[in-house]
J.: 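Sharing a structure below in structure tokens format, with a few things to ask.
Quick note: residue numbers are just sequence positions, from 1.
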Amino acid sequence: MRADLFVKTIDFDEIRTYWIAKNHFQDKNKKIIENVRYLGPYTNTEDSPRYCCYGLFLKEELVGVTMLRAWNNEWVRYRTLNIDAKLRGQNIGWDFLMTAYQDGWQGRDIFGWVRRTHLAWTENHHFKPINGVWQGEHIAMVLGQDKIKELEKRNGFSILAAGFNDQNVGSQGRG
């Protein structure tokens, strides 16, 4: 993996600023809130869910973001996985997500509320639809523990070379 990339925790204001700069939600009037409790028929059942925002850095430049949040007893939700366009197509997004996931989230399936335009990426990374029902432009997808363990055993996870250590990545444990 590229030695010039690293992951570290960032705060919610940093992730929000990145989303706005990259027009992630494709709606300039969208109200961006920290804790989303409802996604279609799915409700976050955690009263004070643990969450952490992660930034992917190329040298000192923020080039990607994701947010992991406890959703229920079985799932951790990844809220966006936005990688700068110049780095896409190199499997960096997958490595970034798995690096963040290994920051104390193991033991839960990974849940995503996936936009139609990102369906192929999730399917290519073995996510499966939960109920197959689209809610507007989104569908609920999950990557189960069994598949995560199988992929780790078969391929290993390319933890970002300069990026997973106590100084760069650590759970904020908010909530």
J.: Who passes side chain to side chain donor-acceptor pair (under 3.5 Å) against Glu14, sequence neighbours left out?
T.: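 So Glu14 forms no side chain to side chain donor-acceptor pair (under 3.5 Å) with any residue.
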J.: Glu61: which residues meet the salt bridge (charged side-chain N to carboxylate O under 4.0 Å, His left out) condition with it, sequence neighbours left out?
T.: Lys86
J.: Name all residues meeting the ring pair (Phe, Tyr, Trp, His ring centres under 6.0 Å) criterion together with Trp121; count only those two or more places apart in sequence or in a different chain, and write none if there are none.
T.: His125
J.: Who are the side chain to side chain contact (heavy atoms under 4.5 Å, CB included) partners of Val142, not counting sequence neighbours?
T.: Trp75, Asp109, Ile130
J.: In chain order, what residues pass the side chain to side chain donor-acceptor pair (under 3.5 Å) check against Asp146, with sequence neighbours excluded?
T.: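 Testing Asp146 for side chain to side chain donor-acceptor pair (under 3.5 Å), a comparison that skips the adjacent residues, returns none.
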J.: Name all residues meeting the side chain to side chain donor-acceptor pair (under 3.5 Å) criterion together with Lys128; count only those two or more places apart in sequence or in a different chain, and write none if there are none.
T.: none
J.: Applying ring pair (Phe, Tyr, Trp, His ring centres under 6.0 Å), can you list everything that pairs with His126, at least two apart in sequence or on another chain?
T.: none
J.: According to salt bridge (charged side-chain N to carboxylate O under 4.0 Å, His left out), who are the partners of Arg116, at least two apart in sequence or on a separate chain?
T.: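 Residues passing salt bridge (charged side-chain N to carboxylate O under 4.0 Å, His left out) with Arg116: Glu137.
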J.: Who passes salt bridge (charged side-chain N to carboxylate O under 4.0 Å, His left out) against Lys59, sequence neighbours left out?
T.: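 None.
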J.: Apply side chain to side chain contact (heavy atoms under 4.5 Å, CB included) to Asp13 and list each qualifying residue two or more places apart in sequence or on a separate chain.
T.: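 Partners of Asp13 under the side chain to side chain contact (heavy atoms under 4.5 Å, CB included) test: Asp11, Arg16.
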J.: Check Thr66, Leu68, Ile10 against Cys53 for a side-chain contact (heavy atoms from CB on, under 4.5 Å) and give me the one that passes.
T.: Ile10
J.: To the nearest 0.5 Å, what is the distance between CH2 (Trp71) and CH2 (Trp113)?
T.: 9.0 Å
J.: What pairs with Asn131 under side chain to side chain donor-acceptor pair (under 3.5 Å), at least two apart in sequence or on another chain?
T.: Tyr42
